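Below: one structure, written as structure tokens.
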Amino acid sequence: MNEVTRNPRVIIVGAGMAGIATAITLAQHGYSNLTIVEKGTDVGGVWHWNHYPGLTCDVPSNLYQYSFATKPDWSRIFATGPEIQTYLADVVDQYDIRRFITFGVEVISSHFTGVEWAVTTSAGRTLKADFVLMATGVLHHPNVPDIAGLTDFAGPVVHTARWNDALDTSGRRVAVIGSGSTGVQVISALQEGSSRIFHFNRSPQWIMWSPMGMRQPRVISALLRRLPRVREAQYRALLTASGILADVTTTPSWRRRLIQQSARLSLRAQVRDKSLREALTPQDEPLCKRQVVSGSYYRAIAAENAELVSTPIDFITESGIQTKDGNHREVDVIVLATGFAAHNYMRPMDLRGRDGIAIDEIWQRGPRAYRMTAIPGFPNMFTVLGPNSPTGSISLQYTAELTARYIVQWLDMYRDGVVDLVEVTEDATADFNKQVTKALGPTVWNSGCDSWYLTEGGTVDLWPFNRRAMTEMLTKPELGDFHLTNLCDTQEGKL
Ligand code: NAP
């Protein structure tokens with residue numbers, strides 16, 4: 001074996017949950033030549049950008065955390081957005097990785113030159129790197145709907161992912177468009193204070209009851225603080241228990257039917273008014289879209305000052321919203337809870353790999369990668385929470401950490417001079433995607449609904465396997481799935 005020892009120059013794009021996990025994992029393995037480019041003014045990704053009223057994570061806090069930084073004293077069973085944001089910032093400081101981050105700078109282009117990456121930022125600098133790791137997130141680019149007249153509206157129009165903290169909705173007439181997890185949370189939060197609230201609900205979603213506001217008992221926090229081993233055991237137990245979600249979503253069984261039934265029951269038990277219940281009943285199967293959970297929405301939408309509007313929007317005027325039945329509702333504020341362009345990943349960055357190949361060209365029909373992390377034509381580049389990530393079934397922290405450890409093994413080979421360039425083969429990528437397509441068949445996501453899980457090509461962009469399969473696929477690189485180049489030998493595949 002070669003005796004070279006190198007400290008690779010690594011650029012991580014994004015300081016959200018995945019970028020933080022990656023940077024810490026790399027630093028823990030001795031990689032110190034890191035640059036993290038973050039376009040926001042702070043760490044946290046979605047938890048930095050989203051600060052709309054009512055923002056709460058619907059994954060239990062004791063699971064929604066890093067394995068290496070379990071927090072004993074979450075204030076609630078389901079933490080609020082600000083508490084998660086503070087947790088992430090604390091972890092960044094605790095692990096001393098803030099020094100690697102450049103804030104307020106966006107990566108405009110990343111080009112592979114043949115031997116290294118040239119990464120150009122909005123600050124006009126071009127950085128050189130041996131590896132580029134894309135941790136750019138999934139739910140980042142707000143989807144602003146193309147509704148006629150939207151720009152004519154005289155009052156404030158705000159997308160939930162770019163909330164204006166100075167906006168005061170109390171005593172005002174508020175329109176909320178969108179009925180996913182976000183719309184449901186915003187309605188619940190704003191209903192009480194507004195004079196009228198209209199929920200423009202194009203397609204209702206199943207909403208599972210959950211005690212979102214429940215506090216974590218102090219005695220539990222004290223116990224977890226005092227006994228780190230118990231804390232870690234609890235985290236592992238929750239991780240194992242969360243396997244139920246991958247099971248019910250990917251495999252048709254009585255367990256799936258039971259959970260689906262409980263979503264239906266949730267609606268029946270909470271909404272007594274028959275016509276409201278009918279209007280709130282989705283056409284598709286529970287769990288087909290990202291499951292919405294709430295303990296307060298049904299109560300909020302049944303309140304005196306609330307109105308569910310199921311008729312499609314026709315256009316927006318200077319003073320309100322007109323629906324296709326000719327009704328015009330006067331409103332003061334419009335809230336767009338209309339989701340994200342979820343398949344952009346690192347775009348609009350101009351990303352070009354070997355021989356100038358552009359990501360936009362090869363992803364015309366939707367994102368495609370090998371095991372969520374490698375893309376043919378893009379040597380020494382990995383994505384963390386890239387295409388097919390388990391946004392609907394498995395802990396994303398677990399996934400990000402696992403992927404980061406996988407990447408570390410490539411960095412180790414580079415460090416030791418074993419390999420200079422690593423690029424996944426087209427065959428291995430095609431093979432993986434064939435397995436994905438087959439496994440997606442019986443998943444509930446494929447049961448006929450339209451959701452943000454679907455790509456431009458109509459395929460489901462999710463992880464259709466369980467956590468064990470993921471762990472097996474990303475524990476050790478399969479060298480045969482990659483073109484490995486040692487530039488000294490200049491002979492591809494020779495090691
Ligand atoms: P979403 O689930 O994509 O929902 C977007 C909503 O906007 C849908 O109801 C959609 O209706 C509606 N919409 C879009 N364009 C429209 C138009 N032109 N006219 C009328 N309605 C329109 O987005 P989201 O609610 O922001 O949630 C996205 C994901 O973020 C969630 O699934 C979840 O993964 C994550 N999230 C998580 C939490 C959490 O607690 N962890 C909280 C919020 C969000 P159609 O269904 O008819 O298209």
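All values below were derived from every heavy atom in this structure, side-chain atoms included, with hydrogens, water molecules and symmetry-related copies excluded. Just so you know, ligand 1 is whichever comes first in the structure, and atom 1 is the first atom listed for that ligand. Every value quoted in this text rests on a predicted model; they were computed, and no experiment measured them.
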Are side-chain N/O atoms of Tyr298 and Ser266 paired as donor and acceptor at under 3.5 Å?
-> no

Tabulate distances under 3.5 Å between N/O atoms of ligand 1 and N/O atoms of the protein, writing both atom names on each line.
from: ligand 1; atom 1: 7 (O); to: Ala337; atom 2: O; distance (Å): 3.4
from: ligand 1; atom 1: 9 (O); to: Ser179; atom 2: N; distance (Å): 2.8
from: ligand 1; atom 1: 9 (O); to: Ser179; atom 2: OG; distance (Å): 3.1
from: ligand 1; atom 1: 25 (O); to: Ser181; atom 2: N; distance (Å): 3.2
from: ligand 1; atom 1: 25 (O); to: Thr182; atom 2: N; distance (Å): 3.0
from: ligand 1; atom 1: 25 (O); to: Thr182; atom 2: OG1; distance (Å): 3.2
from: ligand 1; atom 1: 26 (O); to: Thr182; atom 2: OG1; distance (Å): 2.7
from: ligand 1; atom 1: 32 (O); to: Trp452; atom 2: NE1; distance (Å): 2.8
from: ligand 1; atom 1: 34 (O); to: Arg290; atom 2: NE; distance (Å): 3.3
from: ligand 1; atom 1: 40 (O); to: Thr56; atom 2: O; distance (Å): 2.6
from: ligand 1; atom 1: 40 (O); to: Asp58; atom 2: N; distance (Å): 3.0
from: ligand 1; atom 1: 40 (O); to: Gln185; atom 2: NE2; distance (Å): 3.2
from: ligand 1; atom 1: 41 (N); to: Asp58; atom 2: N; distance (Å): 3.3
from: ligand 1; atom 1: 41 (N); to: Asp58; atom 2: OD1; distance (Å): 3.0
from: ligand 1; atom 1: 46 (O); to: Ser203; atom 2: OG; distance (Å): 3.1
from: ligand 1; atom 1: 46 (O); to: Lys289; atom 2: NZ; distance (Å): 3.2
from: ligand 1; atom 1: 47 (O); to: Arg202; atom 2: NE; distance (Å): 2.9
from: ligand 1; atom 1: 47 (O); to: Ser203; atom 2: OG; distance (Å): 2.2
from: ligand 1; atom 1: 48 (O); to: Arg202; atom 2: NH2; distance (Å): 2.9

Contacts satisfying salt bridge (charged side-chain N to carboxylate O under 4.0 Å, His left out) that involve residues 157-174 (not counting sequence neighbours) are Arg173-Asp332

Identify which one of Trp47, Phe340, Trp49 satisfies the ring-ring contact (aromatic ring centres under 6.0 Å, His included) criterion when paired with His140.
-> Trp49

Find out whether the Lys NZ or Arg CZ of Arg290 is both under 6.0 angstrom from the six-membered ring centre of Tyr453 and within 45° of the ring's axis.
-> no

Applying disulfide bond (SG atoms under 2.5 Å apart), which residue pairs with at least one partner in residues 445-474 are found, sequence neighbours left out?
-> Cys288-Cys449

Could I get the full list of side chain to side chain donor-acceptor pair (under 3.5 Å) partners for His159, not counting sequence neighbours?
-> none

